[in-house]
Amino acid sequence: DSGVTQTPKHLITATGQRVTLRCSPRSGDLSVYWYQQSLDQGLQFLIQYYNGEERAKGNILERFSAQQFPDLHSELNLSSLELGDSALYFCASSAKDGRGGTETQYFGPGTRLLVL
Amino acid sequence: GEDVEQSLFLSVREGDSSVINCTYTDSSSTYLYWYKQEPGAGLQLLTYIFSNMDMKQDQRLTVLLNKKDKHLSLRIADTQTGDSAIYFCAAHPGLRFGNEKLTFGTGTRLTIIP
């Protein structure tokens with residue numbers, strides 16, 4: 001158990017809909033990362049938040065957005081869903097101290113999204 | 001940007017050693033990781049190595065890093081059926097503000113032959 005939790009575990013929805021995925025980082029971790037794992041694209045970095053602010057952006061579509069709340073949990077919002085958005089969405093967290101700390105990322109179990 | 005490559009499949013007999021290879025392109029990658037993903041599960045951090053090291057051993061796992069060739073390998077000694085999984089290599093650039101992202105390889109599916 002990595003200490004990172006994600007809900008829900010599974011999500012089935014229809015095209016055009018909007019969903020929200022939730023992530024709670026490990027206790028004390030300030031950074032949250034979102035990844036998408038699909039059969040055709042592999043594991044892709046989407047976005048990172050650090051202490052409430054967007055820190056880095058990867059291959060995230062404009063239909064997707066994320067935020068990190070004061071309690072450090074994060075939500076990934078996926079809207080106008082398409083069949084191709086079906087994937088496993090992972091959240092990861094890492095700790096950072098004033099001297100950089102470790103960059104190790106610990107992953108949650110993922111949310112499996114199926115768009116029908 | 002960084003590009004990380006792995007072979008897709010590896011089959012090994014139970015009890016033998018498995019060696020999973022990975023190459024990366026960004027010579028400034030500071031941290032190199034190995035993750036394991038079992039069927040239907042998330043990614044589990046196995047081990048990592050800093051770029052100023054050339055070897056790290058952790059029980060049955062040995063990581064070798066050839067920084068000159070940008071080549072990383074993971075050796076699993078005495079491979080067991082529970083080692084069947086997909087193994088991902090990942091590279092991280094270290095502290096570059098706004099670019100602290102992991103780049104993953106495609107993953108190597110390790111199959112254990114009884």
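Proteins come first, then strands; the chains are lettered A, B, ... in the order of their sequence lines, and each starts at number 1. This one's a predicted model, so the numbers in the text were calculated from it and none came from an experiment.
Comparing P109(A), G108(A), G42(A) by how many heavy-atom pairs each has under 4.5 Å with chain B, the most go to P109(A).
Using a 4.5 Å cut-off between heavy atoms, Q44(B) makes no contact with chain A at all. With a 4.5 angstrom heavy-atom cutoff, Q37(A) touches chain B only via side-chain atoms. The parts of L43(B) that come within reach of chain A are both its backbone and its side chain, each placing non-hydrogen atoms under 4.5 angstrom from that chain.
Using a 4.5 Å cut-off between side-chain heavy atoms of Ile, Leu, Val, Met, Phe, Trp and Tyr, with links allowed through other members, L72(B) and M53(B) fall into the same hydrophobic cluster. Criterion: ILVMFWY side-chain heavy atoms under 4.5 Å apart, direct or through other members. Under it, I86(B) and Y33(B) are part of a common hydrophobic cluster. The hydrophobic cluster containing L64(B) does not contain V12(B), counting ILVMFWY residues as joined when their side-chain heavy atoms lie under 4.5 angstrom apart, directly or transitively.
Summarising the local packing, CZ of R13(B) is surrounded by 12 or fewer heavy atoms from other residues, nucleotides or ligands at distances under 6.0 Å. Heavy-atom neighbours of E5(B) CD from other residues, nucleotides or ligands within 6.0 Å: at or below the threshold of 12.
Taken from CZ in F90(A) to OH in Y35(B), the straight-line distance is 11.5 Å, to the nearest 0.5 Å.
The shortest distance between side-chain heavy atoms of L45(B) and Y106(A) falls below 4.5 Å.
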